Structure formats: C-alpha cells, structure tokens
Amino acid sequence: MKNIAVIGSGTMGNGIAHTFAQFGYQVNLIDVSDNALSKALATISKNLDRQVTKGTLSENEKEAALANITIFTDLETGVAEADLIVEAASENLELKLKIFKDLDHFARPDAILASNTSSISITRIASMTGRGDKVIGMHFMNPVPVMKLVEVIRGYATSDETTGKVMDFSLKLNKTPVEVNDYPGFIANRILMPMINEAIYSLYEGVAGVEEIDTVMKLGMAHPMGPLQLADFIGLDVCLAILRVLQEGFGNSKYAPCPLLVNMVAAGNKGVKSGEGFYNYAKDFKNPVIADKFA
C-alpha cells in the first residue's frame, strides 16, 4: 500500500495524514472545505517543525513529508487511486454511512476502506458497501504522530487478509496495532468512557472538585492526565456521543451520560476545542485553570 487517502482534515485527520506522509506514503487529504484543508496543512507544518526542534526529524525530512500531501475537496477524485482509504470525519453515524456508501462507488475494488471511528460499529458501516471483507477500523489515538496505539477493529465480515494487511501496515508506521472485535466502544472507549463518566458524576455529586479528582488519578493511579482534563482534550461532545453509543449498543443504564456532561455540551462548553470545559484554556493552553463554573 503506497497511496493513501484520508477523509477529514480535523485533529485526527491531519494527524493521520501527517503520520503517513512522514513515513514516505503519498497522501491525499480530503475535506469539503478549502479553509479546513489550509488550516490542516498549517497544523501539520507546525507539528513537523516541533519534531525538527526536538531533533527527531531533519528539515529535509519535514519538507519531504509536506511534499507527500496533496489536498482535495472532491471525494471521487481524491480516492480514485488509493490503496487504503482512512475515514476520519466527525463521529456522526449518518455522515459515516454516507461516506462509505460513496466510497464503495468511487474507490478501486481492491482498496481497503478503514474508519477511524472511536465507537461506531464497523459492521454497520460496512453494511453500506458491497465489500464488507475489506472494511475495517483503524482507531488512532490523539496526538497521532506521538501515540503508539492503533486499535484495529474487525467487523463481522472483515477478512483475515484485510486484517493482516492493516496490522502489518500499522507496524510500518512504527505503531503498535492491537486487534479487537466489533462491539460497542471496542476496548479503548469501553473502558475509558465509563471512567470519565464516573469522574464527571463524582464532580456532579459534590464528592470532590475538578483539581482534586484529577490529582487523585494522576498521583494515585499514575495517569499522565486526570480524567476530567482528558475529557476536555478528547472533546466533551465526543465523550457524550461515545457514551450514547455504549448505552444504546448494550442497553445498559450504567453507560448513561452524566447530566452535567449533557448540559455542558448543550451550553457549548466542549473542552479544548471551545476554549472551556472543566478547565479554561483561553489564557494558557499548556497551563489551564479551573473553569469559573467549578472554581
């Protein structure tokens, strides 16, 4: 697999494109918006500069990586020659189903179609295509260039051949692929999201404050980041969407999102992406302060 198409140029999409390009693959980065694509290229360039400053990448390697990325606003043109297509659009079921229905028409018959979904059923996504054996999940972690894990999710019809190719390909990206089966939340979010939800419930019920909850988990459990700040980084809207997928998928009330989380998302406080969640990131992104609501 030499030619890769990445659909979606947001945080995950540009990180995935960055990683592929850095390892020498030709990448078509696709989005409906020219402005979004311009922002994505600027972000990739900035992140590559950071690697150059740290000495993990040379200036020539940075320029080569950028030269490997071509941007498209037309899906059909962007995926026409791709060996592997990775969808990294918003975590929205209807959007993903439409994209995969289109991909089944536009992509080469032998192309592998992967989704970076963090919770949506690969089997459901594959049902929109006539090639369920070639549909798979590639759930990268954020930030993609740094995090080693790729959660490789087999749908009900995903073939051994497709799974083997994606596992091997992930190793070539210097990642650690872990194969899991297609059940709500897979492994990463089936375990992570209930923990985050419980942390939010602990705040909601007045058991402890934001800083206290995160400090307990950082110092007591050796987590690099507390669950409330991690939720901010993931995006509170994304956390809410995943919890609803878990609740619906298992039919179990233990996955019901905390009312505080629901209200925060409704109010537009989605974490880092909006500038405020449990913490306020407006003044200093690297050293946020507790949001006034919880101070």
Side-chain angles (χ1 to χ4, degrees), residues 1-8 12-13 15-17 19-20 23 25 27-28 30 75 78-141 144 147-193 241-242 245-246 248-250:
M1 293 189 284
K2 295 294 182 184
N3 299 309
I4 316 296
V6 178
I7 301 169
M12 295 305 296
I16 293 167
T19 301
F20 288 146
F23 281 84
Y25 295 96
V27 182
N28 289 352
I30 305 163
L75 180 65
V79 304
E81 299 302 321
D83 304 305
L84 169 67
I85 301 165
V86 181
E87 171 273 315
S90 301
E91 195 71 354
N92 177 288
L93 175 61
E94 295 307 318
L95 175 61
K96 290 184 187 294
L97 294 182
K98 182 181 185 309
I99 288 171
F100 274 80
K101 185 176 181 179
D102 290 340
L103 288 179
D104 198 37
H105 295 294
F106 298 151
R108 287 177 7 211
D110 61 335
I112 292 175
L113 311 183
S115 176
N116 181 59
T117 179
S118 55
S119 62
I120 294 170
S121 168
I122 299 301
T123 303
R124 179 80 182 277
I125 289 171
S127 72
M128 303 304 293
T129 77
R131 58 174 94 183
D133 60 315
K134 292 183 173 63
V135 179
I136 197 165
M138 289 185 77
H139 180 205
F140 291 86
M141 304 295 127
V144 180
M147 300 292 279
K148 292 291 188 182
L149 177 65
V150 179
E151 198 175 23
V152 177
I153 304 106
R154 293 185 64 139
Y156 188 81
T158 307
S159 69
D160 291 341
E161 181 183 8
T162 296
T163 303
K165 285 182 178 179
V166 169
M167 295 286 284
D168 290 343
F169 183 68
S170 299
L171 290 170
K172 292 175 182 176
L173 300 173
N174 198 25
K175 301 297 185 188
T176 301
V178 176
E179 181 183 335
V180 304
N181 288 317
D182 183 26
Y183 291 96
F186 318 132
I187 288 297
N189 282 313
R190 182 172 178 173
I191 294 171
L192 175 63
M193 286 303 151
I242 295 170
V245 167
L246 289 168
E248 179 182 352
F250 289 112

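Computed from a predicted model, the values in this text were never measured in an experiment. When a residue number appears, it is its place in the shown sequence, counting from 1.
Distance alone, capped at 3.5 Å, is enough to place a donor-acceptor pair between the D182 side chain and the I122 backbone. Remark: the backbone N or O of E91 is not paired with any side-chain donor or acceptor of K96 at under 3.5 angstrom. The main-chain N or O of P177 is never found under 3.5 Å from a side-chain atom of K148 such that the two would form a donor-acceptor pair. Side chain of D133 to backbone of S159: no donor-acceptor contact under 3.5 angstrom is found. A donor-acceptor contact shorter than 3.5 Å links the side chain of R131 to the backbone of D104. Side chain of E151 to backbone of I187: a donor-acceptor contact under 3.5 angstrom is found. Between the side chain of E87 and the main chain of A114, no donor-acceptor pair closer than 3.5 Å is present. Side-chain N or O atoms of T123 include one that pairs as donor or acceptor with a backbone N or O of Y156 at under 3.5 Å.
Counting heavy-atom neighbours within 6.0 Å of Y183 OH, excluding the residue itself, gives a total of 12 or less.
Taking the six-membered ring wherever Trp is involved, the centroid distance between the rings of F169 and Y25 falls below 6.0 Å.
Ion pairing between a basic and an acidic side chain is recognised when a charged N comes within 4.0 Å of a carboxylate O; E94 and K98 show no such pairing. Under the 4.0 Å criterion applied to side-chain N and carboxylate O atoms, K134 and E161 are not assigned as salt-bridge partners. With respect to R108 and D83, a salt bridge is recorded, a charged nitrogen being found less than 4.0 Å from a carboxylate O.
Considering only heavy atoms from C-beta on, I85 comes within 4.5 Å of L103 through its side chain. Taking 4.5 Å as the limit, every side-chain heavy atom of V178 sits out of range of all side-chain heavy atoms of V150. You'll find the side chain of T19 reaches within 4.5 Å of the side chain of K175, heavy atoms only.
The nearest pair of heavy atoms linking P184 to L246 is O-CD2, 3.3 Å. A pairwise comparison of heavy atoms in I136 and I153 identifies CG1-O, 3.1 Å as the closest pair. The two residues I16 and A88 make their nearest non-hydrogen contact at CD1-CB, 4.1 Å. A pairwise comparison of heavy atoms in A126 and G132 identifies CB-CA, 4.1 Å as the closest pair. Summarising the geometry of T158 relative to G155, their closest heavy-atom pair is OG1-N, 2.8 Å, with the distance given to 0.1 Å. For V6 against G13, the heavy-atom pair with the smallest separation is CG1-O, 3.6 Å.
Looking at S119 and N189, their side chains never bring a donor and an acceptor atom within 3.5 Å of each other. Judged by distance alone, the side chains of E179 and T163 never bring a donor and an acceptor atom under 3.5 Å apart.
Here F186 contributes atom CZ and I191 contributes atom CD1; the two are 13.5 Å apart, rounded to the nearest 0.5 Å. From F100, atom CZ reaches atom OG of S115 across 4.5 Å, with rounding to the nearest 0.5 Å. Residue L113 holds its CG atom at 13.0 Å from CE of M128, rounded to the nearest 0.5 Å. Atom OG1 of T162 sits about 10.5 Å away from atom CG of L84, to the nearest 0.5 Å. Note that NZ of K172 is 7.0 Å distant from CE of M1, once rounded to the nearest 0.5 Å. Note that the CG atom of L173 and the CE atom of M138 stand 6.5 Å from one another [nearest 0.5 Å].
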Task: Verdict with reasoning, I30 to V79, per side-chain contact (heavy atoms from CB on, under 4.5 Å) - done: CA-CA 9 Å; I30 305 163; V79 304; 3.6 Å; yes
TODO: Please test V152 against V180 for side-chain contact (heavy atoms from CB on, under 4.5 Å), starting from the C-alpha separation and ending with a verdict.
DONE: CA-CA 6 Å; V152 177; V180 304; over 6 Å; no
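The stretch residues 116-140 participates, sequence neighbours left out, in no ring-ring contact (aromatic ring centres under 6.0 Å, His included) pair at all.
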